[in-house]
Amino acid sequence: MELAVADGKAINVSEATFGKDFSEALVHQVVTAYLAGARSGTKAQKTRSDVSGGGRKPWRQKGTGRARAGTIRSPLWRGGGRTFAARPQDHSQKVNRKMYRGALQAILSELLRQDRLVVIESLVLDEPKTTALLTLLSKQGFTEGLIVTHEVDKNLYLAARNVPNLYALDVAGLDPVSLVAADKVIMTVDAVKKIEEWLG
């Protein structure tokens with residue numbers, strides 16, 4: 001299939017990468033797994049055995065008129081342990097490579113169908129100037145969204161990071177959450193070819 005480039009040209013791309021049917025269930029599963037994998041899972045609380053102190057029985061078992069107590073670190077007491085304490089855990093979900101690539105193909109295809117994907121010949125900045133970047137992007141009617149290049153461009157990254165809702169990534173750093181969240185995605189021709197090689 002042919003993919004239109006902003007300057008009027010067109011490039012041939014794989015139907016499997018940019019013409020795939022959208023599968024909401026697959027995309028949802030992959031996006032959820034990606035977000036779950038980003039969770040640190042380091043939350044930790046102390047049970048009654050973890051809290052310091054409480055080794056001595058506060059008063060004798062019988063005869064005081066008070067409720068029996070074995071430790072001052074009981075969860076019922078102020079300063080005691082937590083009944084069902086949180087423990088560090090791994091939230092990651094398994095997603096195999098075929099599913100991950102299939103989800104990215106479905107997202108890219110849907111972006112193309114919705115006219116949210118713009119392809120340009122190249123995007124080169126001689127210096128990391130935000131105004132220079134915005135001038136280049138305004139010619140494409142692009143003010144916010146996601147910029148994808150075939151490799152890391154330091155000038156582009158530095159120029160884009162100062163603009164709200166404008167993000168720059170290379171193909172290696174591309175992820176389903178960034179693609180789904182972007183209102184519009186602008187890619188260079190080299191990035192499209194690299195994505196096609198990666199996902200094809």
Side-chain angles (χ1 to χ4, degrees), residues 1-24 26-35 37-38 95 97 99-200:
M1 62 180 289
E2 283 195 344
L3 187 60
V5 182
D7 59 1
K9 297 178 184 176
I11 55 172
N12 288 317
V13 292
S14 168
E15 185 83 30
T17 306
F18 290 95
K20 191 178 180 71
D21 291 335
F22 186 73
S23 171
E24 187 175 350
L26 175 62
V27 171
H28 178 270
Q29 185 177 349
V30 170
V31 167
T32 303
Y34 188 87
L35 292 172
V95 174
R97 193 177 301 170
M99 287 173 63
Y100 187 81
R101 289 179 178 177
L104 284 177
Q105 289 169 348
I107 294 168
L108 288 168
S109 301
E110 190 65 16
L111 286 171
L112 186 60
R113 280 191 288 271
Q114 294 180 1
D115 294 324
R116 289 164 55 197
L117 179 63
V118 178
V119 181
I120 60 173
E121 189 64 41
S122 63
L123 188 60
V124 180
L125 291 178
D126 296 326
E127 51 184 352
K129 294 288 185 181
T130 303
T131 49
L133 174 62
L134 291 176
T135 303
L136 280 173
L137 294 179
S138 62
K139 293 176 183 176
Q140 309 297 335
F142 192 89
T143 55
E144 60 180 39
L146 180 66
I147 303 168
V148 183
T149 56
H150 74 292
E151 59 184 13
V152 178
D153 186 336
K154 189 176 180 182
N155 287 346
L156 180 61
Y157 169 75
L158 292 173
R161 71 176 181 175
N162 203 30
V163 184
N165 302 319
L166 184 64
Y167 307 95
L169 290 174
D170 63 327
V171 173
L174 200 60
D175 63 87
V177 175
S178 298
L179 284 173
V180 168
D183 289 330
K184 216 165 186 182
V185 179
I186 190 165
M187 285 186 186
T188 62
V189 171
D190 288 338
V192 170
K193 290 177 180 176
K194 197 168 182 179
I195 287 171
E196 191 177 12
E197 185 182 327
W198 170 37
L199 299 178

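Nothing here was measured: the structure is a model prediction, and the numbers come from that model.
The CD atom of Gln105 lies 12.0 Å from the OG atom of Ser23; values are rounded to the nearest 0.5 Å. Distance check: Gln29 CD to Tyr100 OH gives 13.5 Å after rounding to the nearest 0.5 Å. In this structure, NZ on Lys184 lies 10.0 Å from CG on Leu117, to the nearest 0.5 angstrom. Once rounded to the nearest 0.5 Å, the distance linking CG of Leu136 with NZ of Lys129 reads 14.5 Å. Here the straight-line distance linking atom CG of Leu123 with atom CG of Asn155 works out to 11.0 Å at 0.5 Å rounding. Taken to the nearest 0.5 Å, the CG atom of Leu104 stands 6.5 Å off from the CG atom of Leu179.
Using a 4.5 Å heavy-atom cutoff, the side chains of Leu108 and Val185 are not in contact. In this structure, the side chains of Asp190 and Thr149 stay at 4.5 Å or more apart for every pair of heavy atoms. The side-chain heavy atoms of Ile11 and Glu196, taken from C-beta on, include no pair separated by under 4.5 Å. Side chains of Val189 and Lys9 form no contact here, defined as non-hydrogen atoms less than 4.5 Å apart.
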Worksheet entry | Test side chain to side chain contact (heavy atoms under 4.5 Å, CB included) applied to Leu111 and Phe22, step by step | CA-CA 10 Å; Leu111 286 171; Phe22 186 73; over 6 Å; no

Worksheet item: Going through the checks in order, is the side chain to side chain contact (heavy atoms under 4.5 Å, CB included) test met by Val30 and Ile107?
Response: CA-CA 11 Å; Val30 170; Ile107 294 168; over 6 Å; no

Discussion item. Could you walk me through whether Val163 and Glu144 satisfy the side chain to side chain contact (heavy atoms under 4.5 Å, CB included) test, starting with their C-alpha distance in whole Å, then the side-chain angles of each, then the deciding distance to 0.1 Å, before giving a yes or no?
Written reply: CA-CA 8 Å; Val163 184; Glu144 60 180 39; over 6 Å; no

Item to complete: Give the intermediate values and the outcome of side chain to side chain contact (heavy atoms under 4.5 Å, CB included) for residues Phe142 and Leu166.
Response: CA-CA 10 Å; Phe142 192 89; Leu166 184 64; 3.8 Å; yes

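Put simply, the side chain of Thr188 never gets that close to the backbone of Glu121: no donor and acceptor are under 3.5 Å apart. Formation of a donor-acceptor pair under 3.5 Å by the Ser109 side chain with backbone atoms of Gly19 is found in this model.
Comment: Glu197 does not engage Lys194 in a salt bridge, judged by the lack of any side-chain N to carboxylate O separation of less than 4.0 angstrom.
Of all heavy-atom pairs spanning Leu112 and Phe18, the tightest one is CD2-O, 3.7 Å. Across Leu26 and Ala103, no two heavy atoms sit closer than the pair CD2-N, 3.7 Å.
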